[in-house]
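Letters A, B, ... are given to chains in the order of the sequence lines, protein chains preceding strands, and every chain is numbered from 1. All values reported here derive from a predicted model rather than from experimental measurement.
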Number of protein chains: 4
Amino acid sequence: MQPTQRLNAVPRTHAHAGVGGLAPNTLAEEAGVSNGTVYNYFRSREEVLEAVGLELAVQLSEQILTVSEAVESGAERLSIAVRTFMNKARTDPDWTRALITVVRYAEGMRSTLATYLRADLQAGRRQGDFHYAHEEMAMSMVISATLGAMNLLVEEGEVEHADRIAAEMVLQALGVPPGEAKRIAGLPLPGE
Amino acid sequence: MQPTQRLNAVPRTHAHAGVGGLAPNTLAEEAGVSNGTVYNYFRSREEVLEAVGLELAVQLSEQILTVSEAVESGAERLSIAVRTFMNKARTDPDWTRALITVVRYAEGMRSTLATYLRADLQAGRRQGDFHYAHEEMAMSMVISATLGAMNLLVEEGEVEHADRIAAEMVLQALGVPPGEAKRIAGLPLPGE
Amino acid sequence: MQPTQRLNAVPRTHAHAGVGGLAPNTLAEEAGVSNGTVYNYFRSREEVLEAVGLELAVQLSEQILTVSEAVESGAERLSIAVRTFMNKARTDPDWTRALITVVRYAEGMRSTLATYLRADLQAGRRQGDFHYAHEEMAMSMVISATLGAMNLLVEEGEVEHADRIAAEMVLQALGVPPGEAKRIAGLPLPGE
Amino acid sequence: MQPTQRLNAVPRTHAHAGVGGLAPNTLAEEAGVSNGTVYNYFRSREEVLEAVGLELAVQLSEQILTVSEAVESGAERLSIAVRTFMNKARTDPDWTRALITVVRYAEGMRSTLATYLRADLQAGRRQGDFHYAHEEMAMSMVISATLGAMNLLVEEGEVEHADRIAAEMVLQALGVPPGEAKRIAGLPLPGE
DNA sequence: CATGAATGAGACTTCATTCAT
DNA sequence: TATGAATGAAGTCTCATTCAT
């Protein structure tokens, strides 16, 4: 087993799991190793979830960073991030279900996401686009709204332009005026 | 045991629950009945959660309806609802944790909430306050953003005027212009 | 399951087991109940062992107390106790193996045995029969020597008058002069 | 680690026959080799324990033999042995815990100890100091009483002159009259 | 109907042993 | 030969569910 590499494999079992989808046994099976092997790399279930969560977060974050590398505007960067997550939800429901499940348990994942997010929020505020009263509440709202929208997509099926709609609402929530929010959310994704 | 009535008792044990915190055993104890009795009324844990969820939703919804009875504006009604939930999170963290846990499993709960919510969203749109591109996405975003904010309050501690901040962001997300959103979110709660 | 009653059942599996013979699973099977049932009565493996140990100790202690009820002499009482344990080893090897295994883990068992024992040691000393320099060491020696002798009996097979031989050595170890030790160890067991 | 014999087909998984601190992994680490290497020399955990036990026995036996080389009296030799073991328990608790654990599993160890011991017992008997009715029982009692005393020392803490007290009791158990036992147990250890 | 002891599947974890390198 | 990652059986424990009373 090359742990980091193999654990990238998304826990597909979770697709139909309530509680057990993140059982070490299940995760081991996903990774194609036997149950005991997991404990050569992690000391407990919690550590495993943490690692899986981080991995999921890093995967997408890197993708987003690549895409928004040249973008200066915090609002645009945030829009790109939200839309990228939404598109991932459309194209990879299994990955998304794993993300949604794991995010509840993986503190490290949340802080990783928060780090990226905070930078964009602060940039957007400096640039006069965002006007929020409380940064933590703003971050919480961005994260939970996006995850909620991803969940909707995954559970209820396709919505046209779901990525733009979600980005627009998030931008508006942060104080971007409706017209401007629509414009930013409608920009072509770099590299598309 | 009169199931609906007795299950009003909030599952306090859930306070320290990871995955299984809403065990039938626990719920039975909360309700003051023995574990086996639960299965005279519900066929499975899932049904119990469903009932608990409904109960929680109805409890708060009734409270909100009472408060916003005389309010015509959909935007104001929604603001009242969001703020009432937020204030509940501040004053009853145990209840809130139960809500957050249960909402994941209780489909019926989500539809109950959605019914109330949809009415307000549609009213707000008719009245020219809300401008959303997709009703389901709008509902999902209101619910998940509010729950996310409640969770922040419960897990990370007090935030001043958390209720207004949350309501303001939700209103903005739905297309209410920033100034107007601030005004509505800042209205005194009826009955206060 | 009537726990106390059923757990009297000696873990026969232990016959060929290391630690595994005292696995809750095994003990449950011995008691004729399913594994989960054990945890309705005990909170952990340790508590189970403690209970089994106590049970074993109490079983034999009561028998010994009945036999030596009318005996005033501490030396005679101790002799009776040692011989009763030895005879138990001869007639019930399974019980004895369980005892020997459990005594290693069950603190409560050791203190129960120690309580009975200490009374006899102190009586014997008051009566001028025992002369030991350190009570804890004396108790340790009585217990370990007796268990060692029981183990010999169980693993290596019968020894004629093993009970008297063991009692004699123990009495001598405690300072009873050889002739007197032989006499006391040779007294007929009350009730025989 | 010295090669003994080659590996053959072996029955699998006695997992959790576990013995704290004497896991092959631990022993390998102690020996400064990797876990797999152990199995180039021993076929099973049991064989390893056997070897470790022998080693421990030989270590101390040689020390004792050196000390009591010039001593003719079996009783004195036995006293020296018991006291040397007791002093080892005081000065090296880790070694002692290992000994106590291993002695349960290592048949070869017990026979090695028994060989040395038997010689002293028989000498003491020939010399008119020991009077025991059954040699195996006598050996069992000497070994288990000494180990019990060592265990007491290790687990419950220091006892003054524990070595002499233990030796005295053991000698008395073997029929040495109290006064004489005290004298022998109190002799200065050769080389001290 | 209510009870609560019993059930047993399955979660988490350990560790003796194997085997490809 | 040495290595150490991988293995998987078995151990400890939880909890949703059943059932005799």
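Taking NZ of B:Lys88 as the start and CG of B:Asp92 as the end, the distance is 5.0 Å to the nearest 0.5 Å. A distance of 12.0 Å separates CD of D:Glu155 from CE of D:Met150, quoted to the nearest 0.5 Å. The line from CD of D:Glu46 to CD of D:Glu107 is 10.5 Å long, rounded to the nearest 0.5 Å. To the nearest 0.5 Å, atoms CG (B:Leu54) and CZ (B:Arg110) are separated by 11.5 Å. With values rounded to the nearest 0.5 angstrom, C:Leu27 atom CG is found 13.0 Å from C:Thr37 atom OG1. If you take CG on D:Asn151 and OG on D:Ser144, they are separated by 12.0 Å, rounding to the nearest 0.5 Å.
Of the residues near DNA chain E, C:Ser34 and B:Ser34, the one whose nearest nucleotide (by heavy atom distance) lies more toward the 5' end is B:Ser34.
A:Tyr39 does not carry A:Arg45 over the face of its six-membered ring by the limits of under 6.0 Å from the centre and within 45° of the normal.
The distance between atom CD of B:Glu29 and atom C1' of E:dA5, rounded to the nearest whole Å, is 16 Å. Between the CZ atom of B:Phe42 and the C1' atom of E:dC1 there is a distance of 15 Å, rounded to whole Å.
At F:dA2, one or more side-chain N or O atoms of D:Tyr41 fall inside 4.0 Å of OP1 or OP2 (strictly under the cut-off).
Side-chain contact between D:Leu49 and D:Met109: absent, with no pair of heavy atoms (C-beta onward) separated by less than 4.5 Å.
With C1' as the reference atom, E:dC1 and F:dT21 are 13 Å apart, rounded to whole Å.
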Tabulated below should be each protein N or O lying under 3.5 Å from an N or O of nucleotides 17-21 of chain F; please produce it.
unit_1, atom_1, unit_2, atom_2, d
F:dT17, OP2, B:Tyr39, OH, 2.9
F:dT17, OP2, B:Arg45, N, 2.5

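In DNA chain F, runs of at least 3 consecutive Watson-Crick or G-U pairs, each pair with both distances below 3.5 Å, span E:2-21 with F:2-21.
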